[in-house]
Amino acid sequence: MESKQAATRAGAASSNAAVSRQPAAGSRTVSLTELRRHATREDCWTSIHGKVYNVTTFLDEHPGGAKVILKYAGQDSSRGFDMAGHSRDIVTQLGLDHLLVGDADDSIKPEDSGENDAHKIQQFQWLPPIDTMLSLFDIEAVARTVMNPTAWNYYSSGADDEITMRENHAAFQRIWFRPRVLVNVKEIDLRTTIMGYPSALPIYITSCALGRLAHPDGECVLTRAAHSAGVIQMCPTLASCTLDEMLSAAKAPQVLFYQLYVNHDRKITAGLIQKAKAGGVKAVAITVDAPQLGRREKDMRGKFDLAGSNVQRPDDTAGKIDRSQGAARTISAFIDPSLSWDDIEWLKKECYPMKVLLKGVQTAEDAIMAVEFGLDGIICSNHGGRQMDFARSGIEVLAEVMSALKARGMHGKLEVLVDGGIRRGSDVMKALALGASAVGIGRPTLYGMASYGQAGVEKVLKILADEMEMGMKLVGAPSIKDITPGMITVRNLGDHITPVPADELSAYTYEKLQTTSKL
């Protein structure tokens, strides 16, 4: 099994290399003295991880604007490059290998970050021991303190007034349990399958962009943690790491899914799908709730200047990105707003034999269409509350979808997953009781990674597993299949004005939006 998976990964890497432009032959060695002579807008060189590039002609094409690069004109930009969340092969991905001047000699060192490094060391001196983290809110509170403000704003922001983002979590508090007693719960079994593949928990790590904003190893940390915990990772299109890097970080027989944003250049989309297929990815989740990424004011106020992900191309943006719109707009110009049901058959054909899901279904009507189009699954999701404010929570949509599928005799025709707002093991149980086969966890894994690295991600999953084990004992469900609709009451789920006890932990970690006058 390991040799087969290694072979598929090698195939993916060779396939990628075959379509990439290679560095010019005969590249030379560049000294720091020579590098410093090229430090103007008219003659701009920079070094990145041991390579020196002449980026003069690229300045106006850079998605984040020329200013970001000019900051490092005539010097090493490796640290800023990594802080931006870029993958190491982004130069090749963008077709910019022709800008290579040569190799950096030993005199060129990564720039000194001075006070920033000192501040970071000071932050980590007070870092609470990971064993003191009792809930996902504990870990989120640590992450908010240790993360770069721009990165925190990107991860934590929601659309407009962030009503939907907060509703995602609050909706779970309108679902109450109906525990059964005198059930043998001596042994609790959390194992299940997701899209037909085994998982130690009914939880998968869902796709979130720009992982290197939380940790230098980016999404590869999530890959390793997913293997350690025995769960599935959904690798994002807008990852800081390349898919090849995530595949290399995985260990057989680990299962990976792939989240896909459809590019307006269908050849690029087809190439991404083929790379995933060659790498042994088992399922593709096509994001359908983002013809344009939402208006996230917390992110926008940060005026994102650490632009980029590893799938953008200069011809997609041509300097037209408004950087004042924040990270979300800066990295997403390639997404095709014309994507429609007419494209589904083509996508299914391209993805075969991988399973295909729609990520971002928000109504029963679209769930029914997904069945009619022969899709393998759907994910009830509103993009973490980052798209349309006042869109309903994923858990509320799930209840509507399952009711509609049962009424039409379509129950079991596709697999239904859900994400958004899950912060407790009891939240997972409520989703399972409504009919979801598993739930996706996004922000909490990023916060765990930002705070404690791989151990932090593992801690997030361990907390949820421990809470689930306790909760299943208390409601009388010894296994996942024993969590049934009769164990919950959802009478008030759709009532958005129902008062509930104050959620103090969520309120404490939530960073309130501010107007300009308060900044």
Side-chain angles (χ1 to χ4, degrees), residues 119-149 151-158 162 165-173 190 200-206 208 211 213-215 217 219 221-222 224-226 228-229 231 233 298 384-385 395 419-431 439-474 500-513:
H119 178 57
K120 187 174 292 186
I121 291 171
Q122 185 178 12
Q123 286 178 327
F124 280 85
Q125 284 178 342
W126 69 264
L127 197 66
I130 193 169
D131 289 343
T132 65
M133 298 293 101
L134 303 181
S135 73
L136 270 56
F137 293 109
D138 286 344
I139 295 174
E140 182 174 347
V142 173
R144 179 178 170 182
T145 303
V146 303
M147 288 182 71
N148 173 288
W152 169 260
N153 287 340
Y154 176 67
Y155 284 164
S156 67
S157 60
E162 299 186 340
M165 186 183 76
R166 287 177 283 163
E167 163 67 6
N168 279 348
H169 174 63
F172 283 96
Q173 298 169 358
L190 299 176
L201 300 169
I203 296 169
Y204 63 94
I205 298 176
T206 194
C208 294
L213 295 181
H215 191 280
D217 290 344
E219 292 80 9
V221 174
L222 304 179
R224 293 191 288 266
S228 175
V231 301
Q233 178 194 13
K298 192 183 297 179
I395 194 70
D419 67 31
I422 295 152
R423 295 296 184 271
R424 290 285 186 186
S426 58
D427 297 338
V428 182
M429 294 168 56
K430 292 171 183 178
V439 305
I441 303 295
R443 287 185 179 97
T445 62
L446 296 176
Y447 297 148
M449 177 168 67
S451 301
Y452 299 99
Q454 180 178 337
V457 184
E458 293 169 354
K459 183 68 172 179
V460 165
L461 296 169
K462 180 66 164 57
I463 288 172
L464 290 172
D466 289 346
E467 290 178 348
M468 280 194 68
E469 182 174 351
M470 180 196 70
M472 289 168 67
K473 286 183 177 179
L474 295 179
V500 295
D503 185 358
E504 301 292 354
L505 289 177
S506 179
Y508 178 78
T509 57
Y510 175 67
E511 182 179 2
K512 295 180 180 179
L513 288 168

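Sequence positions, counted from 1, serve as the residue numbers for this chain.
Residues Gly453 and Val221 come closest through the heavy atom pair C-CG1, 3.9 Å. The shortest non-hydrogen separation linking Leu136 to Pro444 is CD2-CB, 3.6 Å. In terms of heavy atoms, Ala171 sits closest to Ile395 at CB-CG2, 3.6 Å. The two residues Pro202 and Met468 make their nearest non-hydrogen contact at CG-CE, 3.7 Å. Scanning both residues, Ser135 and Leu505, for their nearest heavy atoms gives OG-CD1, 4.3 Å.
Taking Ser156 as the reference, Trp152 meet the side-chain hydrogen bond (donor to acceptor under 3.5 Å, both in side chains) condition, with sequence neighbours excluded. In terms of the side chain to side chain contact (heavy atoms under 4.5 Å, CB included) criterion, residue partners of Met165 (sequence neighbours excluded) are, by chain and number, Glu162, Arg443, Tyr510. The side-chain hydrogen bond (donor to acceptor under 3.5 Å, both in side chains) search around Asp427 returns none, not counting sequence neighbours. Taking Asp138 as the reference, nothing meets the side-chain hydrogen bond (donor to acceptor under 3.5 Å, both in side chains) condition, with sequence neighbours excluded. Every side-chain hydrogen bond (donor to acceptor under 3.5 Å, both in side chains) that His169 has, sequence neighbours left out, goes to Gln173, Asp503.
The shortest side-chain heavy-atom distance between Asp419 and Val439 does not fall under the 4.5 Å cut-off. Under the 4.5 Å side-chain criterion, counting only non-hydrogen atoms from C-beta, Ser451 is not in contact with Glu140. Considering only heavy atoms from C-beta on, Met449 stays 4.5 Å or farther from Asp217 through its side chain. Residues Val142 and Tyr447 form no side-chain contact, since every pair of their non-hydrogen atoms from C-beta on lies 4.5 Å or further apart. Using a 4.5 Å cut-off on side-chain heavy atoms (C-beta onward), Leu461 and Ile203 make contact. Annotation: side chain of Leu134 is not in contact with side chain of Ile463 (no heavy-atom distance under 4.5 Å). Counting only heavy atoms from C-beta outward, the side chains of Leu464 and Leu201 never approach each other to under 4.5 Å. Here the side chains of Pro128 and Tyr452 are in contact, with some heavy-atom distance below 4.5 Å.
With rounding to the nearest 0.5 angstrom, the CD atom of Gln454 is 12.5 Å from the OG1 atom of Thr445. For the atom pair Lys512 NZ and Arg166 CZ, the distance stands at 9.5 Å (nearest 0.5 Å). The structure places SG of Cys208 at 11.5 Å from CG of Leu213, a figure rounded to the nearest 0.5 Å.
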Discussion item. Go through it in stages, so that I can follow the logic: the residues are Tyr204 and Gln233, the test is side chain to side chain contact (heavy atoms under 4.5 Å, CB included), and I'd like the CA-CA distance, side-chain angles, deciding distance and then a yes or no.
Written reply: CA-CA 6 Å; Tyr204 63 94; Gln233 178 194 13; over 6 Å; no
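Here the rule is side-chain contact (heavy atoms from CB on, under 4.5 Å) with Val457, and of Leu446, Ile441, Ile139, Leu222 only Leu222 fits it.
Remark: side-chain polar atoms of Glu219 are paired, donor with acceptor, to backbone N or O of Gly211 under 3.5 angstrom. With hydrogens and angles ignored, the 3.5 Å screen pairs a side-chain donor or acceptor of Lys430 with a backbone N or O of Phe172.
Here side-chain hydrogen bond (donor to acceptor under 3.5 Å, both in side chains) pairs that include residues 462-471, with residues two or more places apart or in two chains, are Arg424-Glu467, Lys462-Asp466.
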